[in-house]
There are 2 protein chains.
Amino acid sequence: MLSDAAHCAATQAMPVASRQIFFDFVNRMVHKYLMAANIGRPLEFDPDLALDAAMHQFWSKGYESTSMQDLLATMNLSKSSLYQAFGGKQQLFRQCVARYADQFTQMLRDGLSGAPSGRKFIEGFLNSVLNDVSGQAQPRGCLVMNTASEFAQSDPEIAQDVAHSIERFRNVLRAAVERAQREGDIPPERDAQMLANFLVSSMSGLKTQAKAGADAATLQGIISMVLKALD
Amino acid sequence: MLSDAAHCAATQAMPVASRQIFFDFVNRMVHKYLMAANIGRPLEFDPDLALDAAMHQFWSKGYESTSMQDLLATMNLSKSSLYQAFGGKQQLFRQCVARYADQFTQMLRDGLSGAPSGRKFIEGFLNSVLNDVSGQAQPRGCLVMNTASEFAQSDPEIAQDVAHSIERFRNVLRAAVERAQREGDIPPERDAQMLANFLVSSMSGLKTQAKAGADAATLQGIISMVLKALD
DNA sequence: GGTTTATTGGACCGCATGTTCCATAACAGA
DNA sequence: TCTGTTATGGAACATGCGGTCCAATAAACC
């Protein structure tokens with residue numbers, strides 16, 4: 001998209017590691033501008049919808065077990081379009097994780113602001129894992145935690161994505177805890193940050209148990225233990 | 001190993017699905033007998049050591065991300081030997097998971113019987129996750145939970161292996177809880193089975209958090225919350 | 001020494017992988 | 001209508017995958 005000359009000139013003074021990121025960014029900006037100005041052939045698909053489909057695929061099967069063919073089928077676009085629009089499997093995956101984190105964080109925020117109390121929100125948050133085992137679809141866990149589990153720290157970029165996403169989740173949960181403390185449902189002397197970490201960890205454990213085949217009664221028992229720990 | 005004639009004759013009256021399992025069993029018995037009788041060329045490698053190496057490989061990288069080449073390299077044997085001795089990638093994997101569950105269950109049992117109290121054992125059990133983040137090696141989690149996360153319920157046989165392994169872990173933990181109850185460190189009216197489930201889930205969550213990059217202080221905070229829930 | 005049995009290394013197989021490339025199609029503006 | 005720009009479809013690519021096969025080899029018994 002950028003000319004080779006411009007590419008070469010601008011990269012002279014830049015550390016190698018930064019170049020790819022920088023030019024990805026510039027190209028995206030240029031692309032956005034060109035699309036807005038109706039220059040060139042328009043896309044035949046909705047990038048948001050396609051990204052959503054890819055996200056669900058990765059969510060269900062993980063990164064390695066999801067093939068390009070799987071992605072092309074669910075996203076309903078051609079190979080070149082995928083590479084053109086999303087850059088490849090790994091880049092697409094990272095965008096999916098980011099999208100998941102966005103949606104999940106927003107869902108948490110909405111849930112908290114609409115809940116009758118902070119405590120009730122936390123209860124609903126934990127109980128939501130029961131939905132995973134009630135339906136006929138097999139539990140998929142949380143895409144962010146699945147990613148943490150699959151990649152661990154082996155890929156630094158993905159590790160950073162994961163850490164950042166978890167931090168966003170925790171921030172909402174800490175807000176919920178603090179609200180519950182103001183409302184008198186959690187002792188005010190408890191460390192809100194620690195409780196939030198505990199809730200993240202507990203949710204992660206619950207989802208894994210659901211994946212491992214635990215039934216609703218078992219999960220409910222665990223949830224009651226988690227709630228008790230908040231008192 | 002068995003002649004084709006014997007194979008054909010015996011399978012005539014057998015449902016298709018049972019034949020493979022049956023002949024796997026017979027062949028294993030015959031093989032065991034022949035090895036014990038020193039018939040034929042002896043193995044040039046130690047199957048236990050090789051299995052251990054494979055286990056660590058799967059533990060570090062998961063099933064899909066571990067290639068046959070990875071396995072051959074760490075197990076230090078040739079492709080034909082691997083197929084001859086372990087049957088293929090998936091069969092090898094299941095043996096590794098079983099081995100892990102055996103070792104981990106035994107470790108738990110030994111830890112419990114050697115611990116000064118049930119409560120102290122549980123504390124040590126939870127605190128052991130801190131070792132995962134203290135060393136330079138990246139945390140690998142628990143092979144059984146990793147397997148649950150990677151395969152979910154997609155493979156029935158593996159799902160059963162996972163469920164069975166978790167049950168074994170839980171049995172030891174329930175014994176620990178019951179001992180702590182007898183020793184007065186956990187209220188006797190608490191449901192031991194439920195507490196054991198909670199401990200399994202909590203450990204799983206903790207290990208995932210470790211994989212996601214949580215530091216020792218964060219993990220320690222979560223552990224203190226888990227312990228508080230036992231009171 | 002001959003026979004029997006199993007292991008071993010390596011070549012080979014078919015297939016699926018993620019990726020690249022190019023000719024063509026579709027649109028906007030001159 | 002011509003030009004410039006991007007999107008699309010499909011062919012082609014190299015590579016690595018898990019798995020199979022076979023001749024050569026090694027041990028132990030008769």
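First the proteins, then the strands, lettered A, B, ... as listed; each starts at 1. The model shown is predicted, which means the values in this text are computed figures rather than measured ones.
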Task: A:Phe104: partners by ring-ring contact (aromatic ring centres under 6.0 Å, His included), with sequence neighbours left out - done: A:Tyr100, A:Phe169
TODO: Check ring-ring contact (aromatic ring centres under 6.0 Å, His included) between A:Phe121 and all other residues, then give those that pass, not counting sequence neighbours.
DONE: none
Of the options [options], whose atoms approach the side-chain atoms of [X] most closely?
| X | options | result |
| --- | --- | --- |
| A:Phe45 | C:dG10, D:dT8, C:dT19 | D:dT8 |
| B:Ser81 | C:dG18, D:dT6, C:dT8 | C:dT8 |
| A:Tyr83 | C:dT19, D:dG9, C:dT7 | C:dT19 |

Does [X] have any side chain to side chain donor-acceptor pair (under 3.5 Å) partners at least two apart in sequence or in another chain, and if so, which?
| X | value |
| --- | --- |
| A:Asn171 | none |
| B:Asp52 | B:Arg99, B:Gln103 |
| B:His56 | B:Arg140 |
| B:Gln193 | B:Arg174 |

TODO: Considering just the side-chain nitrogens and oxygens of B:Ser78, establish if one lies under 4.0 Å of OP1 or OP2 belonging to C:dT8.
DONE: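 Looking at the OP1 and OP2 atoms of C:dT8, neither is under 4.0 Å from any side-chain N or O of B:Ser78.
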Identify each atom pair where a protein N or O and an N or O of nucleotides 11-13 of chain C are less than 3.5 Å apart, giving names and distance.
none

Task: Polar contact flag, side-chain donor to acceptor under 3.5 angstrom, B:Asp102-B:Gln106 - done: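 No donor-acceptor contact under 3.5 Å links the two side chains.
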Open item on the list: For B:Asn131 and B:Ser134, which I'm curious about, is there any donor-acceptor pair between the side chains at under 3.5 Å?
Closed with: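 Their side chains do not contain a donor-acceptor pair, so the 3.5 Å distance test is not met.
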TODO: Output the residues of residues 55-75 of chain A in contact with DNA chain C, where contact means a heavy atom of the residue under 4.0 Å from an atom of the strand; sort by number or write none.
DONE: A:Thr66, A:Ser67, A:Met68, A:Gln69
TODO: For B:Ala163, check side-chain contact (heavy atoms from CB on, under 4.5 Å) against everything at least two apart and list the hits.
DONE: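 Once residues adjacent in sequence are excluded, B:Ala163 has no partner under the side-chain contact (heavy atoms from CB on, under 4.5 Å) criterion.
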Open item on the list: The criterion is side-chain contact (heavy atoms from CB on, under 4.5 Å); which residues satisfy it with B:Ser65, sequence neighbours excluded?
Closed with: A:Glu64, B:Lys61
Taking atom [atom2] of [N] as reference, at what distance in whole Å does atom [atom1] of [X] sit?
| X | N | atom1 | atom2 | result |
| --- | --- | --- | --- | --- |
| A:Gln84 | D:dA7 | CD | P | 4 Å |
| A:Leu92 | C:dT19 | CG | P | 10 Å |
| A:Phe86 | C:dG18 | CZ | C1' | 17 Å |
| A:Phe93 | C:dG18 | CZ | P | 13 Å |
| A:Asp46 | D:dA7 | CG | C1' | 15 Å |
| B:Asn76 | C:dT7 | CG | C1' | 15 Å |

TODO: Go through the N and O atoms of the side chain of B:Ser80 and the base of C:dG10, and report whether any donor-acceptor pair is under 3.5 Å.
DONE: yes
Task: End axis versus end axis in the helix from C:dG1-D:dC30 to C:dA30-D:dT1, the angle rounded to 10°, five pairs used at each terminus - done: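 End axes: 10° apart.
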Open item on the list: Give me each pair satisfying salt bridge (Lys or Arg N to Asp or Glu O under 4.0 Å) with a member in residues 83-92 of chain B, each pair once, sequence neighbours excluded.
Closed with: none
